[in-house]
There are 2 protein chains.
Amino acid sequence: MAPYDPSAHPPFAVTVDLVVLTVRRHTLCALAVRRGEPPYQGRWALPGGFVRPDEDLMEAACRELAEETGLRAQPPASTAAAGPSGPYGTDGAHLEQLATYGDPKRDPRMRVVSVAYLVLAPDLPAPRAGGDARSARWAPVTDLLRGEEGTDDEQRAPLAFDHALILADGVERARSKIEYSSLATAFCPSEFTVGELRRVYEAVWGVALDPRNFHRKVTGTPGFLVPAGGTTTRQGGRPAQLFRAGGATLLNPPMLRPEV
Amino acid sequence: MAPYDPSAHPPFAVTVDLVVLTVRRHTLCALAVRRGEPPYQGRWALPGGFVRPDEDLMEAACRELAEETGLRAQPPASTAAAGPSGPYGTDGAHLEQLATYGDPKRDPRMRVVSVAYLVLAPDLPAPRAGGDARSARWAPVTDLLRGEEGTDDEQRAPLAFDHALILADGVERARSKIEYSSLATAFCPSEFTVGELRRVYEAVWGVALDPRNFHRKVTGTPGFLVPAGGTTTRQGGRPAQLFRAGGATLLNPPMLRPEV
DNA sequence: ACAAAAGTGTTAATCTTACACCCATGG
DNA sequence: CCATGGGTGTAAGATTAACACTTTTGT
(Lines give C-alpha, C1' and ligand atoms only; values in the text may rest on other atoms or scores of the structure.)
Protein backbone atom coordinates (compact mmCIF):
# COMPACT_ATOMS: atom_id res chain seq x y z
CA MET A 1 0.00 0.00 0.00
CA ALA A 2 1.37 3.36 -0.94
CA PRO A 3 1.71 5.70 2.02
CA TYR A 4 -1.40 7.81 2.25
CA ASP A 5 -2.22 10.60 4.59
CA PRO A 6 -5.97 10.92 4.96
CA SER A 7 -5.75 14.23 6.73
CA ALA A 8 -4.38 15.71 3.53
CA HIS A 9 -7.71 15.19 1.79
CA PRO A 10 -11.27 16.36 2.21
CA PRO A 11 -12.97 14.17 4.79
CA PHE A 12 -15.74 11.65 4.40
CA ALA A 13 -19.10 12.01 6.02
CA VAL A 14 -20.64 8.80 7.31
CA THR A 15 -24.36 8.29 7.57
CA VAL A 16 -26.72 5.47 8.39
CA ASP A 17 -29.82 4.78 6.33
CA LEU A 18 -32.63 2.57 7.48
CA VAL A 19 -34.69 0.13 5.50
CA VAL A 20 -37.59 -0.37 7.90
CA LEU A 21 -39.95 -3.05 6.67
CA THR A 22 -43.28 -4.15 8.00
CA VAL A 23 -46.32 -6.00 6.74
CA ARG A 24 -49.50 -3.94 6.62
CA ARG A 25 -52.72 -5.04 5.02
CA HIS A 26 -51.04 -8.11 3.48
CA THR A 27 -48.45 -5.92 1.80
CA LEU A 28 -44.76 -5.45 2.39
CA CYS A 29 -44.25 -1.80 3.29
CA ALA A 30 -41.25 0.37 4.00
CA LEU A 31 -40.90 3.53 6.00
CA ALA A 32 -40.26 6.65 3.91
CA VAL A 33 -39.74 10.20 5.07
CA ARG A 34 -40.14 13.35 3.08
CA ARG A 35 -37.04 15.43 2.66
CA GLY A 36 -37.44 18.94 3.99
CA GLU A 37 -34.31 20.40 2.48
CA PRO A 38 -32.14 20.16 -0.62
CA PRO A 39 -30.95 18.11 -2.29
CA TYR A 40 -34.02 16.19 -3.39
CA GLN A 41 -36.22 18.53 -1.36
CA GLY A 42 -39.79 17.28 -1.20
CA ARG A 43 -38.85 13.79 -2.38
CA TRP A 44 -39.30 10.64 -0.36
CA ALA A 45 -36.23 9.02 1.11
CA LEU A 46 -35.21 6.37 3.59
CA PRO A 47 -34.88 7.60 7.16
CA GLY A 48 -31.33 8.13 8.30
CA GLY A 49 -28.76 10.64 9.34
CA PHE A 50 -25.19 11.37 10.19
CA VAL A 51 -23.19 9.18 12.50
CA ARG A 52 -21.84 11.16 15.43
CA PRO A 53 -18.15 11.24 16.20
CA ASP A 54 -18.26 8.93 19.20
CA GLU A 55 -21.11 6.73 18.19
CA ASP A 56 -20.95 3.16 17.01
CA LEU A 57 -22.68 2.51 13.70
CA MET A 58 -25.38 0.34 15.19
CA GLU A 59 -25.88 2.85 17.95
CA ALA A 60 -26.50 5.50 15.31
CA ALA A 61 -28.96 3.21 13.56
CA CYS A 62 -30.82 2.64 16.84
CA ARG A 63 -30.94 6.33 17.54
CA GLU A 64 -32.33 7.16 14.11
CA LEU A 65 -34.83 4.37 14.42
CA ALA A 66 -36.06 5.70 17.72
CA GLU A 67 -36.26 9.22 16.36
CA GLU A 68 -38.23 8.18 13.30
CA THR A 69 -40.52 5.50 14.61
CA GLY A 70 -40.53 5.74 18.37
CA LEU A 71 -39.37 2.16 18.51
CA ARG A 72 -37.57 1.82 21.80
CA ALA A 73 -34.02 0.98 20.89
CA GLN A 74 -31.46 1.04 23.61
CA PRO A 75 -27.94 0.79 22.27
CA PRO A 76 -26.30 -2.63 22.59
CA ALA A 77 -25.34 -3.05 26.24
CA SER A 78 -21.59 -3.37 25.85
CA THR A 79 -20.52 -4.24 22.38
CA ALA A 80 -16.86 -4.91 22.75
CA ALA A 81 -17.01 -5.95 19.13
CA ALA A 82 -18.06 -3.37 16.61
CA GLY A 83 -19.01 -6.03 14.11
CA PRO A 84 -22.30 -6.46 12.37
CA SER A 85 -22.49 -10.07 13.40
CA GLY A 86 -25.41 -10.99 15.53
CA PRO A 87 -28.69 -9.24 15.04
CA TYR A 88 -29.83 -6.97 17.77
CA GLY A 89 -33.35 -7.19 19.04
CA THR A 90 -35.15 -3.95 19.73
CA ASP A 91 -38.58 -4.22 21.18
CA GLY A 92 -39.44 -7.24 19.10
CA ALA A 93 -38.00 -5.62 16.01
CA HIS A 94 -34.98 -7.06 14.28
CA LEU A 95 -32.03 -4.89 13.31
CA GLU A 96 -29.06 -5.96 11.23
CA GLN A 97 -26.52 -4.31 9.04
CA LEU A 98 -27.40 -4.47 5.38
CA ALA A 99 -24.59 -3.02 3.29
CA THR A 100 -22.58 0.11 2.69
CA TYR A 101 -22.93 2.48 -0.24
CA GLY A 102 -20.12 4.76 -1.21
CA ASP A 103 -20.35 5.92 -4.80
CA PRO A 104 -18.42 9.22 -4.83
CA LYS A 105 -21.35 10.87 -6.61
CA ARG A 106 -24.19 9.48 -4.54
CA ASP A 107 -24.60 12.77 -2.67
CA PRO A 108 -24.05 15.93 -4.70
CA ARG A 109 -22.98 17.94 -1.66
CA MET A 110 -19.97 15.96 -0.51
CA ARG A 111 -18.47 12.55 -0.19
CA VAL A 112 -20.88 10.51 1.89
CA VAL A 113 -20.50 6.87 2.77
CA SER A 114 -23.74 5.41 4.03
CA VAL A 115 -24.10 2.27 6.09
CA ALA A 116 -27.55 0.83 5.57
CA TYR A 117 -29.38 -1.12 8.25
CA LEU A 118 -32.34 -3.40 7.82
CA VAL A 119 -35.15 -3.34 10.36
CA LEU A 120 -38.02 -5.78 10.41
CA ALA A 121 -40.82 -4.60 12.61
CA PRO A 122 -44.34 -5.71 13.46
CA ASP A 123 -47.19 -3.63 12.15
CA LEU A 124 -46.68 -0.33 13.92
CA PRO A 125 -49.05 2.52 14.62
CA ALA A 126 -48.99 5.24 11.99
CA PRO A 127 -45.43 6.55 11.90
CA ARG A 128 -44.88 9.67 13.89
CA ALA A 129 -42.60 12.26 12.46
CA GLY A 130 -39.37 12.86 14.30
CA GLY A 131 -38.40 15.87 16.33
CA ASP A 132 -38.62 18.08 13.29
CA ALA A 133 -41.61 18.57 11.07
CA ARG A 134 -40.88 16.10 8.29
CA SER A 135 -43.69 13.79 7.40
CA ALA A 136 -43.31 10.05 7.26
CA ARG A 137 -45.41 7.24 5.82
CA TRP A 138 -45.55 3.54 5.27
CA ALA A 139 -45.60 2.78 1.58
CA PRO A 140 -45.77 -0.53 -0.28
CA VAL A 141 -42.28 -1.32 -1.47
CA THR A 142 -43.57 -1.90 -4.97
CA ASP A 143 -44.77 1.71 -5.08
CA LEU A 144 -41.50 3.06 -3.74
CA LEU A 145 -39.45 1.04 -6.20
CA ARG A 146 -41.64 1.94 -9.14
CA GLY A 147 -40.75 5.62 -8.93
CA GLU A 148 -40.91 7.27 -12.34
CA GLU A 149 -37.98 9.43 -13.35
CA GLY A 150 -38.98 12.94 -14.29
CA THR A 151 -42.28 12.74 -12.46
CA ASP A 152 -43.19 15.72 -10.34
CA ASP A 153 -46.00 14.04 -8.43
CA GLU A 154 -44.49 13.60 -5.01
CA GLN A 155 -46.16 10.24 -4.56
CA ARG A 156 -44.68 8.86 -7.75
CA ALA A 157 -41.24 10.40 -7.98
CA PRO A 158 -38.34 8.03 -7.40
CA LEU A 159 -36.65 7.91 -4.02
CA ALA A 160 -33.88 10.39 -3.28
CA PHE A 161 -30.20 9.56 -3.69
CA ASP A 162 -29.55 5.85 -4.31
CA HIS A 163 -32.26 4.88 -1.86
CA ALA A 164 -34.20 2.82 -4.38
CA LEU A 165 -31.14 0.62 -4.73
CA ILE A 166 -30.72 0.34 -0.98
CA LEU A 167 -34.38 -0.47 -0.50
CA ALA A 168 -34.23 -3.12 -3.21
CA ASP A 169 -31.23 -4.71 -1.52
CA GLY A 170 -33.03 -4.67 1.80
CA VAL A 171 -36.15 -6.26 0.40
CA GLU A 172 -34.10 -8.91 -1.32
CA ARG A 173 -32.28 -9.64 1.93
CA ALA A 174 -35.53 -9.99 3.83
CA ARG A 175 -37.02 -12.21 1.15
CA SER A 176 -34.13 -14.60 1.14
CA LYS A 177 -33.50 -14.59 4.85
CA ILE A 178 -36.95 -15.66 5.98
CA GLU A 179 -36.35 -18.75 3.89
CA TYR A 180 -33.82 -20.30 6.20
CA SER A 181 -34.29 -18.43 9.47
CA SER A 182 -37.04 -17.61 11.89
CA LEU A 183 -36.81 -13.96 10.95
CA ALA A 184 -40.37 -13.75 9.68
CA THR A 185 -41.53 -13.75 13.29
CA ALA A 186 -40.00 -10.27 13.60
CA PHE A 187 -42.90 -9.04 11.47
CA CYS A 188 -45.41 -10.44 13.95
CA PRO A 189 -46.48 -9.13 17.34
CA SER A 190 -45.09 -11.02 20.31
CA GLU A 191 -47.98 -13.50 20.18
CA PHE A 192 -49.33 -14.62 16.84
CA THR A 193 -51.05 -17.47 15.11
CA VAL A 194 -49.69 -19.79 12.47
CA GLY A 195 -52.01 -18.18 9.96
CA GLU A 196 -50.67 -14.73 10.70
CA LEU A 197 -47.14 -15.97 10.24
CA ARG A 198 -48.13 -17.57 6.96
CA ARG A 199 -49.64 -14.31 5.73
CA VAL A 200 -46.30 -12.65 6.48
CA TYR A 201 -44.52 -15.09 4.20
CA GLU A 202 -47.16 -14.60 1.55
CA ALA A 203 -46.86 -10.83 1.70
CA VAL A 204 -43.07 -10.78 1.64
CA TRP A 205 -42.77 -13.31 -1.14
CA GLY A 206 -45.89 -12.33 -3.00
CA VAL A 207 -47.07 -15.91 -3.34
CA ALA A 208 -49.77 -18.13 -1.88
CA LEU A 209 -48.74 -20.96 0.40
CA ASP A 210 -50.69 -24.07 1.29
CA PRO A 211 -52.03 -23.43 4.82
CA ARG A 212 -51.97 -27.11 5.77
CA ASN A 213 -48.40 -27.81 4.76
CA PHE A 214 -47.23 -24.51 6.19
CA HIS A 215 -48.79 -25.36 9.50
CA ARG A 216 -47.10 -28.72 9.63
CA LYS A 217 -43.75 -27.25 8.65
CA VAL A 218 -43.57 -24.51 11.27
CA THR A 219 -45.12 -26.46 14.12
CA GLY A 220 -43.01 -29.48 13.28
CA THR A 221 -39.70 -27.63 13.47
CA PRO A 222 -38.52 -27.98 17.07
CA GLY A 223 -37.77 -24.71 18.81
CA PHE A 224 -39.24 -22.55 16.08
CA LEU A 225 -42.58 -21.82 17.73
CA VAL A 226 -43.60 -22.27 21.35
CA PRO A 227 -47.26 -22.28 22.36
CA ALA A 228 -48.21 -19.12 24.22
CA GLY A 229 -51.22 -20.71 25.79
CA GLY A 230 -54.26 -18.91 24.48
CA THR A 231 -56.32 -18.88 21.35
CA THR A 232 -57.66 -16.09 19.26
CA THR A 233 -60.24 -15.59 16.63
CA ARG A 234 -58.88 -12.36 15.18
CA GLN A 235 -59.24 -13.60 11.64
CA GLY A 236 -62.67 -15.21 11.86
CA GLY A 237 -63.20 -18.91 11.59
CA ARG A 238 -62.08 -21.46 14.11
CA PRO A 239 -59.97 -20.02 16.96
CA ALA A 240 -56.27 -20.48 16.42
CA GLN A 241 -53.58 -21.28 18.93
CA LEU A 242 -51.27 -18.45 19.89
CA PHE A 243 -47.54 -18.91 19.60
CA ARG A 244 -44.43 -17.03 20.51
CA ALA A 245 -41.16 -17.11 18.57
CA GLY A 246 -39.01 -19.92 19.90
CA GLY A 247 -35.30 -19.76 20.44
CA ALA A 248 -34.41 -21.54 17.22
CA THR A 249 -33.00 -19.06 14.78
CA LEU A 250 -32.11 -21.42 11.95
CA LEU A 251 -34.73 -23.20 9.94
CA ASN A 252 -33.51 -26.50 8.60
CA PRO A 253 -34.57 -27.68 6.13
CA PRO A 254 -35.52 -24.23 4.87
CA MET A 255 -38.95 -23.02 3.96
CA LEU A 256 -39.19 -23.38 0.21
CA ARG A 257 -40.08 -20.32 -1.75
CA PRO A 258 -42.27 -21.39 -4.67
CA GLU A 259 -41.17 -20.38 -8.14
CA VAL A 260 -42.95 -17.22 -9.17
CA MET B 1 -33.52 14.00 12.89
CA ALA B 2 -31.94 16.89 14.69
CA PRO B 3 -30.04 19.24 12.39
CA TYR B 4 -26.41 18.21 12.33
CA ASP B 5 -23.50 19.84 10.64
CA PRO B 6 -20.83 17.26 9.95
CA SER B 7 -18.22 19.83 9.02
CA ALA B 8 -18.34 21.02 12.62
CA HIS B 9 -16.83 17.74 13.80
CA PRO B 10 -13.63 15.83 13.28
CA PRO B 11 -13.88 13.84 10.08
CA PHE B 12 -14.10 10.11 9.55
CA ALA B 13 -11.49 8.17 7.70
CA VAL B 14 -12.81 5.36 5.52
CA THR B 15 -10.80 2.27 4.75
CA VAL B 16 -11.34 -1.03 3.02
CA ASP B 17 -10.12 -4.29 4.51
CA LEU B 18 -9.87 -7.50 2.56
CA VAL B 19 -10.63 -11.00 3.68
CA VAL B 20 -8.89 -12.95 0.93
CA LEU B 21 -9.56 -16.65 1.21
CA THR B 22 -8.12 -19.54 -0.69
CA VAL B 23 -7.71 -23.27 -0.24
CA ARG B 24 -4.12 -24.47 0.02
CA ARG B 25 -3.09 -27.95 0.96
CA HIS B 26 -6.64 -28.91 1.89
CA THR B 27 -6.85 -26.01 4.32
CA LEU B 28 -8.79 -22.78 4.26
CA CYS B 29 -6.24 -19.97 4.31
CA ALA B 30 -6.43 -16.21 4.47
CA LEU B 31 -4.02 -13.55 3.33
CA ALA B 32 -2.29 -11.68 6.15
CA VAL B 33 0.22 -8.86 5.93
CA ARG B 34 2.64 -7.74 8.56
CA ARG B 35 2.19 -4.21 9.80
CA GLY B 36 5.28 -2.09 9.30
CA GLU B 37 4.21 0.82 11.44
CA PRO B 38 2.29 1.60 14.62
CA PRO B 39 -0.23 0.90 15.88
CA TYR B 40 0.14 -2.86 16.14
CA GLN B 41 3.56 -2.65 14.51
CA GLY B 42 4.90 -6.09 13.67
CA ARG B 43 1.52 -7.75 14.08
CA TRP B 44 -0.36 -9.54 11.33
CA ALA B 45 -3.38 -7.84 9.84
CA LEU B 46 -5.75 -8.07 6.94
CA PRO B 47 -4.63 -6.24 3.83
CA GLY B 48 -6.37 -2.95 3.23
CA GLY B 49 -5.98 0.77 3.10
CA PHE B 50 -7.62 4.13 2.85
CA VAL B 51 -10.31 4.87 0.33
CA ARG B 52 -9.33 7.76 -1.87
CA PRO B 53 -11.54 10.81 -2.19
CA ASP B 54 -12.91 10.04 -5.64
CA GLU B 55 -12.86 6.31 -5.51
CA ASP B 56 -15.82 3.99 -5.20
CA LEU B 57 -15.57 1.50 -2.36
CA MET B 58 -15.33 -1.51 -4.61
CA GLU B 59 -12.77 0.29 -6.75
CA ALA B 60 -10.67 0.78 -3.63
CA ALA B 61 -11.03 -2.88 -2.75
CA CYS B 62 -9.91 -3.89 -6.24
CA ARG B 63 -6.94 -1.58 -6.07
CA GLU B 64 -5.80 -2.93 -2.72
CA LEU B 65 -6.31 -6.46 -3.95
CA ALA B 66 -4.11 -5.81 -6.96
CA GLU B 67 -1.45 -4.17 -4.83
CA GLU B 68 -1.35 -7.00 -2.33
CA THR B 69 -1.77 -10.08 -4.48
CA GLY B 70 -1.16 -9.07 -8.05
CA LEU B 71 -4.64 -10.30 -8.89
CA ARG B 72 -5.69 -8.36 -11.94
CA ALA B 73 -8.67 -6.36 -10.88
CA GLN B 74 -9.96 -3.74 -13.21
CA PRO B 75 -12.57 -1.51 -11.61
CA PRO B 76 -16.18 -2.28 -12.54
CA ALA B 77 -16.72 -0.99 -16.06
CA SER B 78 -19.38 1.60 -15.35
CA THR B 79 -21.12 1.04 -12.08
CA ALA B 80 -23.90 3.54 -12.18
CA ALA B 81 -25.02 1.94 -8.97
CA ALA B 82 -22.72 2.10 -6.02
CA GLY B 83 -24.42 -0.82 -4.37
CA PRO B 84 -22.86 -3.99 -3.12
CA SER B 85 -25.34 -6.11 -4.99
CA GLY B 86 -23.90 -8.38 -7.57
CA PRO B 87 -20.51 -9.90 -7.03
CA TYR B 88 -17.76 -8.75 -9.26
CA GLY B 89 -15.51 -11.24 -10.96
CA THR B 90 -11.82 -10.48 -11.08
CA ASP B 91 -9.64 -12.90 -12.91
CA GLY B 92 -11.62 -15.88 -11.70
CA ALA B 93 -11.66 -14.52 -8.18
CA HIS B 94 -14.90 -13.50 -6.54
CA LEU B 95 -15.26 -10.19 -4.76
CA GLU B 96 -18.20 -9.06 -2.68
CA GLN B 97 -18.84 -6.64 0.11
CA LEU B 98 -18.81 -8.27 3.51
CA ALA B 99 -19.74 -5.74 6.19
CA THR B 100 -18.72 -2.47 7.74
CA TYR B 101 -17.01 -1.98 11.07
CA GLY B 102 -17.18 1.30 12.86
CA ASP B 103 -16.54 0.99 16.58
CA PRO B 104 -15.27 4.44 17.59
CA LYS B 105 -12.34 2.80 19.36
CA ARG B 106 -11.35 0.27 16.74
CA ASP B 107 -8.38 2.39 15.67
CA PRO B 108 -6.54 4.26 18.43
CA ARG B 109 -5.36 7.00 16.10
CA MET B 110 -8.66 8.35 14.84
CA ARG B 111 -12.19 7.53 13.90
CA VAL B 112 -11.97 4.95 11.13
CA VAL B 113 -14.89 3.23 9.47
CA SER B 114 -13.78 0.18 7.56
CA VAL B 115 -15.72 -1.50 4.79
CA ALA B 116 -14.66 -5.13 4.57
CA TYR B 117 -14.68 -7.07 1.31
CA LEU B 118 -14.56 -10.80 0.87
CA VAL B 119 -12.42 -12.31 -1.88
CA LEU B 120 -12.45 -15.96 -2.83
CA ALA B 121 -9.50 -16.87 -4.99
CA PRO B 122 -8.00 -20.03 -6.45
CA ASP B 123 -4.74 -21.23 -4.99
CA LEU B 124 -2.35 -18.43 -5.87
CA PRO B 125 1.39 -18.34 -6.13
CA ALA B 126 3.12 -17.29 -2.92
CA PRO B 127 1.88 -13.80 -2.14
CA ARG B 128 4.14 -11.04 -3.22
CA ALA B 129 4.45 -8.05 -0.98
CA GLY B 130 3.05 -4.81 -2.26
CA GLY B 131 4.91 -1.73 -3.37
CA ASP B 132 6.34 -1.24 0.08
CA ALA B 133 8.41 -3.71 2.03
CA ARG B 134 5.78 -5.37 4.16
CA SER B 135 5.71 -9.12 4.13
CA ALA B 136 2.64 -11.15 3.41
CA ARG B 137 1.67 -14.76 3.89
CA TRP B 138 -1.12 -17.25 3.53
CA ALA B 139 -2.09 -18.62 6.91
CA PRO B 140 -4.70 -21.18 7.88
CA VAL B 141 -7.68 -19.28 9.23
CA THR B 142 -7.69 -21.45 12.33
CA ASP B 143 -4.20 -20.21 13.16
CA LEU B 144 -5.12 -16.59 12.55
CA LEU B 145 -8.25 -16.82 14.65
CA ARG B 146 -6.51 -18.64 17.48
CA GLY B 147 -4.26 -15.70 18.29
CA GLU B 148 -3.29 -15.63 21.94
CA GLU B 149 -3.65 -12.33 23.72
CA GLY B 150 -0.45 -11.21 25.39
CA THR B 151 1.72 -13.40 23.22
CA ASP B 152 4.81 -11.79 21.80
CA ASP B 153 5.56 -14.48 19.25
CA GLU B 154 4.68 -12.79 16.00
CA GLN B 155 3.21 -15.97 14.55
CA ARG B 156 0.85 -16.46 17.47
CA ALA B 157 -0.19 -12.94 18.43
CA PRO B 158 -3.78 -12.03 17.62
CA LEU B 159 -4.54 -10.02 14.50
CA ALA B 160 -4.34 -6.25 14.67
CA PHE B 161 -7.37 -4.05 15.27
CA ASP B 162 -10.67 -5.94 15.08
CA HIS B 163 -9.41 -8.00 12.18
CA ALA B 164 -10.02 -11.32 13.91
CA LEU B 165 -13.69 -10.41 14.06
CA ILE B 166 -13.74 -9.36 10.41
CA LEU B 167 -11.97 -12.54 9.38
CA ALA B 168 -14.39 -14.67 11.37
CA ASP B 169 -17.32 -12.95 9.70
CA GLY B 170 -15.77 -13.50 6.29
CA VAL B 171 -15.14 -17.17 6.94
CA GLU B 172 -18.66 -17.63 8.19
CA ARG B 173 -20.02 -15.92 5.09
CA ALA B 174 -17.98 -18.15 2.81
CA ARG B 175 -19.03 -21.25 4.70
CA SER B 176 -22.69 -20.51 4.47
CA LYS B 177 -22.66 -19.15 0.95
CA ILE B 178 -21.14 -22.15 -0.77
CA GLU B 179 -24.11 -24.05 0.59
CA TYR B 180 -26.63 -22.52 -1.74
CA SER B 181 -24.55 -20.99 -4.51
CA SER B 182 -21.89 -22.04 -6.95
CA LEU B 183 -19.38 -19.88 -5.16
CA ALA B 184 -17.08 -22.75 -4.28
CA THR B 185 -15.93 -22.78 -7.89
CA ALA B 186 -14.23 -19.45 -7.20
CA PHE B 187 -11.67 -21.40 -5.17
CA CYS B 188 -10.85 -23.59 -8.16
CA PRO B 189 -8.80 -22.83 -11.26
CA SER B 190 -10.78 -22.23 -14.42
CA GLU B 191 -10.83 -25.95 -15.18
CA PHE B 192 -11.21 -28.42 -12.38
CA THR B 193 -12.47 -31.87 -11.54
CA VAL B 194 -15.41 -32.86 -9.39
CA GLY B 195 -12.97 -34.24 -6.84
CA GLU B 196 -11.12 -30.95 -6.61
CA LEU B 197 -14.38 -29.12 -6.06
CA ARG B 198 -15.32 -31.59 -3.37
CA ARG B 199 -12.02 -31.06 -1.60
CA VAL B 200 -12.81 -27.35 -1.56
CA TYR B 201 -16.06 -28.00 0.25
CA GLU B 202 -14.30 -30.32 2.65
CA ALA B 203 -11.60 -27.78 3.43
CA VAL B 204 -14.00 -24.88 3.90
CA TRP B 205 -16.45 -26.83 6.02
CA GLY B 206 -13.92 -29.05 7.71
CA VAL B 207 -15.93 -32.18 7.07
CA ALA B 208 -15.72 -35.25 4.87
CA LEU B 209 -18.27 -35.64 2.10
CA ASP B 210 -19.28 -38.79 0.31
CA PRO B 211 -17.55 -38.63 -3.08
CA ARG B 212 -20.28 -40.60 -4.83
CA ASN B 213 -23.20 -38.52 -3.65
CA PHE B 214 -21.27 -35.30 -4.15
CA HIS B 215 -20.55 -36.23 -7.72
CA ARG B 216 -24.17 -36.96 -8.44
CA LYS B 217 -25.30 -33.75 -6.81
CA VAL B 218 -23.05 -31.34 -8.68
CA THR B 219 -23.22 -33.03 -12.05
CA GLY B 220 -26.95 -33.44 -11.73
CA THR B 221 -27.66 -29.75 -11.12
CA PRO B 222 -28.26 -28.22 -14.54
CA GLY B 223 -26.06 -25.26 -15.38
CA PHE B 224 -23.77 -25.72 -12.40
CA LEU B 225 -20.89 -27.44 -14.19
CA VAL B 226 -20.18 -27.64 -17.90
CA PRO B 227 -17.74 -30.21 -19.28
CA ALA B 228 -14.52 -28.59 -20.42
CA GLY B 229 -13.63 -31.48 -22.65
CA GLY B 230 -10.49 -33.01 -21.24
CA THR B 231 -9.52 -35.31 -18.47
CA THR B 232 -6.77 -35.13 -15.92
CA THR B 233 -5.07 -37.40 -13.54
CA ARG B 234 -3.63 -34.75 -11.26
CA GLN B 235 -4.76 -36.58 -8.16
CA GLY B 236 -3.74 -40.12 -9.10
CA GLY B 237 -6.22 -42.85 -9.81
CA ARG B 238 -8.64 -42.92 -12.67
CA PRO B 239 -8.57 -39.80 -14.86
CA ALA B 240 -11.34 -37.37 -14.08
CA GLN B 241 -13.36 -35.20 -16.40
CA LEU B 242 -12.55 -31.52 -16.42
CA PHE B 243 -15.31 -29.02 -15.84
CA ARG B 244 -15.76 -25.29 -15.93
CA ALA B 245 -18.12 -23.31 -13.73
CA GLY B 246 -21.49 -23.06 -15.44
CA GLY B 247 -23.66 -19.99 -15.52
CA ALA B 248 -25.95 -21.14 -12.74
CA THR B 249 -25.24 -19.13 -9.64
CA LEU B 250 -27.92 -20.53 -7.40
CA LEU B 251 -27.84 -24.09 -6.16
CA ASN B 252 -31.31 -25.44 -5.51
CA PRO B 253 -31.78 -27.54 -3.52
CA PRO B 254 -28.69 -26.49 -1.58
CA MET B 255 -25.69 -28.61 -0.79
CA LEU B 256 -26.24 -29.87 2.70
CA ARG B 257 -23.59 -29.16 5.26
CA PRO B 258 -23.33 -32.14 7.58
CA GLU B 259 -23.70 -31.48 11.28
CA VAL B 260 -20.30 -31.14 12.86
C1' DA C 1 -1.62 -57.32 -9.08
C1' DC C 2 -2.70 -53.60 -6.20
C1' DA C 3 -3.84 -48.99 -4.51
C1' DA C 4 -6.29 -44.97 -5.48
C1' DA C 5 -9.49 -42.10 -7.25
C1' DA C 6 -13.65 -41.71 -10.66
C1' DG C 7 -18.00 -42.85 -11.53
C1' DT C 8 -22.78 -45.74 -11.58
C1' DG C 9 -26.62 -48.36 -9.31
C1' DT C 10 -29.65 -49.38 -5.60
C1' DT C 11 -32.26 -49.02 -1.49
C1' DA C 12 -34.34 -47.10 2.68
C1' DA C 13 -35.45 -43.04 5.03
C1' DT C 14 -36.91 -38.42 4.81
C1' DC C 15 -39.21 -34.37 2.96
C1' DT C 16 -42.29 -32.00 -0.14
C1' DT C 17 -46.63 -31.65 -2.43
C1' DA C 18 -51.27 -31.98 -3.21
C1' DC C 19 -55.32 -32.96 -1.60
C1' DA C 20 -59.42 -35.13 1.25
C1' DC C 21 -61.38 -34.38 5.34
C1' DC C 22 -62.83 -32.84 10.00
C1' DC C 23 -63.14 -28.94 13.74
C1' DA C 24 -64.76 -24.64 15.88
C1' DT C 25 -66.45 -20.24 15.54
C1' DG C 26 -69.40 -15.99 13.78
C1' DG C 27 -73.21 -14.37 11.20
C1' DC D 1 -76.98 -23.60 8.18
C1' DC D 2 -73.09 -22.17 6.04
C1' DA D 3 -68.91 -19.50 5.15
C1' DT D 4 -64.36 -19.05 7.02
C1' DG D 5 -60.23 -20.14 8.65
C1' DG D 6 -57.71 -23.90 11.77
C1' DG D 7 -55.81 -28.24 11.93
C1' DT D 8 -54.92 -33.64 10.92
C1' DG D 9 -54.33 -37.63 7.68
C1' DT D 10 -52.59 -39.80 3.69
C1' DA D 11 -50.52 -41.15 -0.53
C1' DA D 12 -47.36 -40.03 -4.64
C1' DG D 13 -43.19 -38.09 -5.97
C1' DA D 14 -38.63 -36.15 -5.13
C1' DT D 15 -34.27 -35.96 -2.60
C1' DT D 16 -30.83 -37.55 0.53
C1' DA D 17 -27.71 -40.89 2.81
C1' DA D 18 -25.37 -45.01 2.87
C1' DC D 19 -22.98 -48.25 0.61
C1' DA D 20 -22.02 -52.17 -3.01
C1' DC D 21 -19.80 -52.27 -7.16
C1' DT D 22 -17.37 -51.26 -11.61
C1' DT D 23 -13.87 -48.40 -14.31
C1' DT D 24 -9.33 -46.54 -15.34
C1' DT D 25 -5.13 -45.05 -14.36
C1' DG D 26 0.02 -45.23 -11.91
C1' DT D 27 3.41 -48.14 -9.58
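Naming: A, B, ... by sequence-line order, numbering from 1 per chain.
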Problem - Partners meeting salt bridge (Lys or Arg N to Asp or Glu O under 4.0 Å) with A/E202 (sequence neighbours left out) - result: A/R198
Handout entry: Minimal non-hydrogen separation, A/A174 against A/L21, with atom names
Key = CB-CD1, 3.8 Å
Problem - Members of residues 191-198 of chain B that approach DNA chain C, where some heavy atom sits under 4.0 Å away - result: B/G195, B/R198
Problem - Donor-acceptor pair present, A/R216 side chain and D/dG9 base, under 3.5 Å - result: yes
Practice task
Please identify each residue that fulfils side chain to side chain donor-acceptor pair (under 3.5 Å) with B/N252, with sequence neighbours left out.
Solution key: none
Problem - Most 5' of B/D210 and A/R212 on DNA chain D, judged by nearest nucleotide - result: A/R212
Completion exercise
Sorted by chain and residue number, the salt bridge (Lys or Arg N to Asp or Glu O under 4.0 Å) partners of B/R216 (sequence neighbours excluded) come out as none
Exercise for the section: Using a cut-off of strictly less than 4.0 Å between a heavy atom of the residue and any atom of DNA chain D, enumerate the qualifying residues of residues 219-241 of chain B by number. Expected result: B/G237, B/R238, B/P239
Practice task
Under the side chain to side chain donor-acceptor pair (under 3.5 Å) rule, collect the residues that match up with A/Q241, sequence neighbours excluded.
Solution key: none
Handout entry: salt bridge (Lys or Arg N to Asp or Glu O under 4.0 Å) involving B/R175 - partner list, sequence neighbours excluded
Key = none
Problem - All pairs passing side-chain hydrogen bond (donor to acceptor under 3.5 Å, both in side chains) where residues 217-226 of chain B contributes a residue, at least two apart - result: none
Exercise for the section: Respond yes when some side-chain nitrogen or oxygen of B/K217 is under 4.0 Å from OP1 or OP2 of D/dT16, and no when none is. Expected result: yes
Handout entry: Which residues share a side chain to side chain donor-acceptor pair (under 3.5 Å) with A/K177, sequence neighbours left out
Key = A/E96
Problem - For A/L98 against A/R173, the heavy-atom pair lying closest together - result: O-NH2, 2.8 Å
Practice task
Whole angstrom is fine here: how far is it from NE2 in B/H215 over to C1' in D/dA17?
Solution key: 17 Å
Completion exercise
Sorted by chain and number, sequence neighbours left out, side chain to side chain donor-acceptor pair (under 3.5 Å) with A/R199 holds for none
Completion exercise
First and last nt of DNA chain C near chain B, cut-off under 4.0 Å to heavy atoms, 5' to 3', are C/dA4 to C/dT10
Fill in the blank from the handout: The complete set of salt bridge (charged side-chain N to carboxylate O under 4.0 Å, His left out) pairs with one or both residues in residues 181-197 of chain A, sequence neighbours excluded, reads A/E191-A/R244, A/E196-A/R234
Practice task
Can you tell me the distance, in whole Å, between the CG atom of A/N213 and the P atom of D/dG9?
Solution key: 14 Å
